[in-house]
Amino acid sequence: MKINPYNSVQQNPYRKQIEKTEKTNDVEAKRDKLEISSEALSMQKGTRIEKERLEKVEALKQKIDAGEYKVDSQAIANKFYDFWNQK
């Protein structure tokens with residue numbers, strides 16, 4: 001076997017891998033971006049009706065916890081009857 005000193009290989013066989021990692025380190029990581037429209041922000045705040053409903057529910061919870069809430073069974077039965085007998 002003849003060794004030719006003029007065409008000797010002077011490359012690092014792992015050089016391509018090193019260059020790849022260097023390139024990936026240079027590239028900035030892309031980040032996700034979230035944008036919420038002004039309409040969506042106003043919807044998240046809630047409406048006047050939702051606030052009033054929440055206040056009513058809290059008042060009912062307090063009455064139930066205190067044992068002051070009384071259920072009118074006759075009124076409930078009438079509502080069921082009216083609902084099921086509608087034409």
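Treat the numbers as computed from the prediction; the structure is a model and nothing was measured.
- Atom CE in Met43 sits 11.5 Å away from atom OG in Ser38 (nearest 0.5 Å).
- We find the CG-CG distance between Asn78 and Asp72 to be 8.5 Å, quoted to the nearest 0.5 Å.
- A chain of hydrophobic side-chain contacts below 4.5 Å, direct or via other Ile, Leu, Val, Met, Phe, Trp or Tyr residues, connects Phe80 to Val71.
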Exercise for the section: Begin with the C-alpha distance, continue with both residues' side-chain angles, and end with the deciding distance and a verdict on salt bridge (Lys or Arg N to Asp or Glu O under 4.0 Å) for Glu35 and Lys33. Expected result: CA-CA 7 Å; Glu35 293 182 12; Lys33 186 176 181 183; 3.4 Å; yes
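- Of the inter-residue distances, the one linking Lys70 atom NZ with Lys63 atom NZ reads 11.5 Å to the nearest 0.5 angstrom.
- Here the straight-line distance linking atom NZ of Lys79 with atom CD1 of Ile76 works out to 10.5 Å at 0.5 Å rounding.
- By the side chain to side chain contact (heavy atoms under 4.5 Å, CB included) test, Lys51 is found to be paired with no residue, residues two or more places apart in sequence or in another chain being considered.
- Here the CD atom belonging to Glu50 is positioned 12.5 Å from the CD atom belonging to Glu55, to the nearest 0.5 angstrom.
- Within 6.0 Å of atom CD1 in Ile64, more than 12 heavy atoms from other residues, nucleotides or ligands are found, so the atom counts as buried in its surroundings.
- Glu52 meets the side-chain hydrogen bond (donor to acceptor under 3.5 Å, both in side chains) test with Arg48; sequence neighbours excluded.
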